[in-house]
Structure formats: structure tokens, C-alpha cells
Number of protein chains: 2
Amino acid sequence: MSYATQDIIDALKSARETKGLSQRALSKRTGVPQSHISKIESGGADIRLSSLIELARALDLDLKLVPRKAVPAVDNVVRSTAPTIPATPAFKELTRTLETVKKLRVTYPELTELKKLQDNFQTLKNLRNVGKDLEHLREIGKPIRELQKFAETYRGIADAGRRTAEQIKAIQDAAKIPVEQLEALRQAAHNAQTLRNQLVHIIPEQPSLPRPAYRLDEEENDHG
Amino acid sequence: MSYATQDIIDALKSARETKGLSQRALSKRTGVPQSHISKIESGGADIRLSSLIELARALDLDLKLVPRKAVPAVDNVVRSTAPTIPATPAFKELTRTLETVKKLRVTYPELTELKKLQDNFQTLKNLRNVGKDLEHLREIGKPIRELQKFAETYRGIADAGRRTAEQIKAIQDAAKIPVEQLEALRQAAHNAQTLRNQLVHIIPEQPSLPRPAYRLDEEENDHG
DNA sequence: AATCGTGATATGCTAAACTAGATCAAGGAC
DNA sequence: GTCCTTGATCTAGTTTAGCATATCACGATT
């Protein structure tokens, strides 16, 4: 699957979450089964143009073909017409912590707590509502920041000069994350999930729309 | 098929023609069979996201999901980064005549000459090359302008007050296009086609690109 | 006349989108 | 504990995209 496809899928998922819709709510809006939406969002379906347009429409998006050289300008325009990103200290903290988590996931791709943290923080960011509790967020982010420091300490050693794969592995083994840090990380992931759940449930569900008929018209196939 | 789908298809076809590519040339670029490109462009296939992205890429286009409220601004940006539209009198004449044909097609939807004229003029407009012969263009457009006058004469009568369907039909029968005008229109369609063919063949064919692998990666399906 | 290019159309096959519906695992609320 | 929500996963059937290939009709050129 190409990056371009992934971008489109991410945009669909992001829009759904921004609107506070569950997959079932979107399913009711569009008539596309929830199971199929799940598959689409996870990259397991290479959907048809008509399906893409239908889902986009339910999420107040339009599909456009843009000349390549106009893409930066278009991205700029879209960004400038987006809802204002909250400038609260809590939102900034969330954004920073999310970026830290993303970077750490490059170093520790198998650490599932980081994945959980990223997913929950991303959802919170999409919701644009992180509550007002800066201290709570800083506390959740503390183990993450400490892991970042830990990783940077050992990255200096690992990066110093060329090493064989064996040597790199040995350094990584020596650089095992202390158990206390892992436990704190697990707790942080749990707290982030709790915060996400609390804030997600504040969003009211919107009424469903009738499903428009987007199938190819039979007459349109009659080209003979 | 929705208008949005038609817009995407039109954009693909327009881009191909603007680049002076035949369906077979695009087929060689992308590996998509020419028969399938033909079907896509005529609205007979509801293509997959990966196929759309691939075709777009070969035509220097990117696919974007744009918030609905940002669409006018995006359209503006795309327009402003488009190649400059020639300001020659001949191009202006072509644009005007094309608009006239479009309007006439609403009045006479079954008149195949008008469809042929629109297709050929649209292709010429996409090529942005109409040659330099303003007089030739004006001559091709003459029967079209006369048909427009003819239509406007009878539209006044048909629009004056409410009429039954029978009365409207009688007026339309009385407003049959004179045979000479039909013949001149047929000639104009032929001339437009000739001009199109002459100018299309001036465009050199560009080298083909290797076909990138855009299929869903097998590992991507392994979510279990 | 022969040849070439163009878009449209046809055949036949495989894979997968899409649908309907059910279920699972996990978590949260009461 | 019960009940609900959420996203993920599964089964089974229908439809069609996409591919490979060939051919057609038409127009242009030589």
C-alpha cells in the first residue's frame, strides 16, 4: 500500500474521530457496515471511488485531484481554514508529548505501551479537547519524558562510530529499560486511555443521515 | 454515479488530454490496460483508491481529502497555480463557442453534432493550443451562433406564460431546426474534429514510466 | 489501396470489495 | 454482577474491478 493511500485513510479516520463519531455511528450515517469501516481504516480494503466519496461526504470532506505542484499551496490553504487549534498550555503539552512518543516508537517499535499512548494522544488531539488539567497531562507525560532521556543517554553510545549488528544488539541489551520505568509507562498508558474515554463520551452523537445512492447507474453502463 | 465521481473522472481525462497523452500512452505509463482506461473515463468502472492514485500520479496529480468549507479556497489556489490560459483571440473565441455549445445542448440534448462539437472543443481547450487561425474558428462557430439565435427566438415564445406539455411540444415541433442549419452544423462538427486531429498529432509522446507496485501488501493484511 | 492511431467494446478469469450479520475481547458505567 | 459501547474479526454470498487479449469502427496519412 502506498503512502498516498495511507494518507487518505488517515484523513478519513482522523475526520471521524475529530467529529467524535464511532465507527458504528458513521456506519449508521452511511449504511456502510461497521466491520467494513474497521477494515478500511486498518488498511485492509482498497476501496472504490464511490465508497470513498460517500464516506468523505459523511465526514464533510470533498475529494480533489490537485496538480502536484499545487499541493503545498493547497495544504497551506486547508491548514489555514482549519478550526483554530487550541492554544491552551494543556493542548501544547499534549502535542509535545505526542511528538515525543512518536520519536520513541522509532527506537522501541515493539513497546506496545507506546503504541497505546500514541493512539490515545492522537485521538485527544483530533478531538481538540484535552480538558483543562495541565498538571494531569504533565504527570501522564512524565514517564515518557524520562524514557526519552534514557534513550538519549544510550543513543549517544550506540551512535558513536560504526558498530556491527552484534555490538549494537549488545548495547541495546545493556540499555534495557528499567522495570520501574516500564511500570510507570504502563500506568501512563492506562491514564491516557482513561482520559481519552472520559473526553470521548462527552461528545453527543449526531443524527444519522439517509444513505444516498452512489452505485453506478444502470443507464450509465449502457454505452452500446 | 454521483457528480463528485464524475468530477474526478473528468479531471483525470482532462489531465490526460492536457498532457497530450492517448489512452494507450497512459496505459504504457501505468500498466493499466487501455480498455480499462476507456471504461474508467466513460464512467463504466468504479475504480479502486489504489488505481485512482496510480493514474493520478502518472498525470502529475495528487489525491486530497479537503474539508468542504475549504473547497472554494482550494479551487482558487489550484486555479491560480495552473498554467496561464492563453489570452489569444483564437483561444477566447474557442472558449466562448464552447460555452455556447454547452448551453445549446441543454435545449437540444439529442443533437449528436453538439456533443461532437463539445468534445472536440473541450479537447482543444485542454490542449491549450488552438492554432492561430481566428478566422477559421469563427467560421466553424458560425452555425453554432446561428443556432443559438434560432433557439433564443423560440425560447421567448415557449417561456411566455405557462403552457401545457402539449403546447410546449407543438411549439418545439414548429421550432424544428431548418435543414440548412443542421447541415451547416454537421459540417462544423466535422471541421472541429479535423482541427482537433491536426493539433493533437503535434504533441510528441512522452516516455513511459515503470509501473510502481501499489497493491495491498500481503503483510498489511496480516492484522491478526 | 495499405497502414497506423485512437477510443470503444468484447471475452473470460481471478481476486477482492461490499454486504449482512454475528461474535469476540476489552473496557466502562451502574 | 449486568449491560452497553467500541473496534476487530469471522462467515458466506453477490457483484464487479482489473487483467490479458483481441477486435471493431473510424479517421488520417501515404
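Lettering follows sequence order; numbering is per chain, from 1.
Among D:dG7, D:dA17, C:dT9, the nucleotide with an atom closest to any side-chain atom of A:Arg16 is D:dG7. Residue B:Asp46 has its side chain nearest to D:dA17 when only D:dG7, D:dA17, D:dC19 are considered.
Between the NE2 atom of B:His36 and the C1' atom of C:dA10 there is a distance of 15 Å, given to the nearest Å. Atoms CG (B:Leu26) and P (C:dT6) sit 12 Å apart, rounded to a whole Å. Atom CG of B:Asn191 and atom P of D:dA28 are 11 Å apart (whole Å). Residue B:Glu17 contributes atom CD, which lies 15 Å from atom C1' of C:dG5 at whole-angstrom precision.
Counting non-hydrogen atoms under 4.0 angstrom, B:Gln34 reaches a base of the nucleic acid. As judged by a 4.0 angstrom heavy-atom cut-off over every strand, B:Ile47 is placed among residues touching the sugar-phosphate backbone only.
In this structure, the side chain of A:Ser38 does not engage the main chain of A:Gln34 through any donor-acceptor pair within 3.5 Å.
A:Lys116 NZ: 12 or fewer foreign heavy atoms inside a 6.0 Å radius.
Residues satisfying the salt bridge (Lys or Arg N to Asp or Glu O under 4.0 Å) criterion with B:Asp60, sequence neighbours excluded, are A:Arg68, B:Lys19. Residues that satisfy the salt bridge (Lys or Arg N to Asp or Glu O under 4.0 Å) test with A:Lys142, not counting sequence neighbours, are absent from this structure.
Side-chain atoms of A:Ser35 stay outside donor-acceptor range of the base of C:dT19, with no qualifying N/O pair under 3.5 Å.
Comparing B:Arg24 and A:Leu49 by the nucleotide of DNA chain C whose heavy atom lies nearest to each, the residue mapping closer to the 5' end is B:Arg24.
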